[in-house]
Amino acid sequence: MMQKVSREFYLRENTLQIAKELLGKILVVPSRAGKRVAGKIVETEAYLGADDKAAHSYGNRRTKRTEVMFSEGGHVYIFFVYGMYFQLNFVVGPRDHAHAILIRAIEPVEGIEIMRKRRAVKNDRELTSGPGKLCIALGIDGAFNGADLCKKKIWLEEGAPISVRSIARGRRIGIDYAEEFVEKPWRFWLKGNEFVSRRS
DNA sequence: CAAGTGATTAGC
DNA sequence: CTAATCACTTGC
């Protein structure tokens with residue numbers, strides 16, 4: 001196994017930089033039977049906490065749901081949307097910073113058979129090409145909320161280096177309520193990767 | 001393109 | 001308490 005990403009990576013305060021650096025890293029979530037199910041991160045979105053109208057923690061809004069966003073970097077924030085889907089986020093920065101990065105898409109790397117079983121789709125391209133899809137494929141649900149990325153339930157490993165020129169950025173998706181923050185180019189993806197989510 | 005699904009939140 | 005909304009996906 002490649003080197004596990006350490007706590008220090010998540011504790012930094014430059015959330016946009018971290019969102020970019022997450023591209024290419026390998027997300028690993030062992031199955032219940034202990035088999036590795038993993039994928040390369042190909043799309044992320046940064047949510048800049050108290051000052052970002054698109055963030056759940058905007059204005060330091062602290063509720064039962066957003067509580068884990070205020071924990072220290074390296075923890076997992078899971079929320080449930082549209083009555084059906086879980087969304088995977090990594091909390092970054094020091095305690096009470098309340099910044100998070102949404103993992104929007106991954107490219108399957110290990111345990112693809114398990115992913116196919118969990119997602120009954122014809123085309124492998126549909127396996128993990130969206131934030132709700134990848135949670136199903138990886139078996140991520142509300143029980144992962146607050147999990148520590150430095151422990152054994154879910155973690156990140158270094159992947160092959162990514163060239164800066166292969167990174168694209170643009171506006172975030174599905175945040176029409178965020179007023180002047182709608183246009184902020186805080187979504188990052190790997191150019192041309194077929195697992196990047198379709199919508200723009 | 002629109003339905004579906006239920007937790008979460010704000011507002012009374 | 002109620003009602004609107006929602007960091008999405010799928011099938012029409």
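When reading the values below, keep in mind they use all heavy atoms of this one structure, side chains included, and skip hydrogens, waters and symmetry mates. Protein chains get the first letters and strands the later ones, always in sequence-line order, with residue 1 at the start of each.
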Whole-Å distance separating the [atom1] atom of [X] from the [atom2] atom of [N]:
| X | N | atom1 | atom2 | value |
| --- | --- | --- | --- | --- |
| A/Tyr82 | B/dA7 | OH | C1' | 13 Å |
| A/Asp141 | B/dG6 | CG | P | 16 Å |
| A/Leu88 | C/dC8 | CG | C1' | 15 Å |
| A/Lys53 | C/dC6 | NZ | C1' | 18 Å |
| A/His56 | B/dT8 | NE2 | P | 11 Å |
| A/Arg104 | C/dT9 | CZ | C1' | 11 Å |
| A/Leu102 | C/dC8 | CG | C1' | 11 Å |
| A/Tyr177 | C/dC8 | OH | C1' | 13 Å |

Minimum heavy-atom distance A/Val91-A/Ser71, with the two atoms named
CG1-O, 3.4 Å
Under 4.0 Å between a side-chain N or O of A/Arg61 and OP1 or OP2 of B/dT9?
no
Connected to A/Tyr177, directly or through other members, by ILVMFWY side-chain contacts below 4.5 Å are A/Tyr47, A/Leu102, A/Ile175
Please produce a list of atom pairs where a protein N or O lies less than 3.5 Å from an N or O of nucleotides 10-12 of chain C.
from   : atom 1 : to       : atom 2 : distance (Å)
C/dT10 : OP1    : A/Arg119 : NH1    : 2.8
C/dT10 : OP1    : A/Arg119 : NH2    : 2.9

Sugar-phosphate, base or nothing in reach of A/Gln87, heavy atoms under 4.0 Å
sugar-phosphate
Contact class for A/Arg172 (heavy atom, under 4.0 Å): base, sugar-phosphate, or nothing?
nothing
Just say parallel, tilted or perpendicular for the rings of A/Phe86 and A/Phe80, cut-offs at 30° and 60°.
tilted
Watson-Crick or G-U counterpart of B/dT5, or none if no pair lies under 3.5 Å
none
Sidechain N-carboxylate O distance under 4.0 Å for A/Arg7, A/Glu72:
yes
Does any N or O in the side chain of [X] come within less than 3.5 Å of the main-chain N or O of [Y], such that one atom is a donor and the other an acceptor?
| X | Y | value |
| --- | --- | --- |
| A/Arg187 | A/Arg171 | yes |
| A/Lys4 | A/Lys151 | yes |
| A/Lys191 | A/Arg165 | yes |

Verify the stacking flag for A/Tyr47 against C/dA7: centroid separation must be under 5.5 angstrom and the ring planes must differ by under 30 degrees.
yes
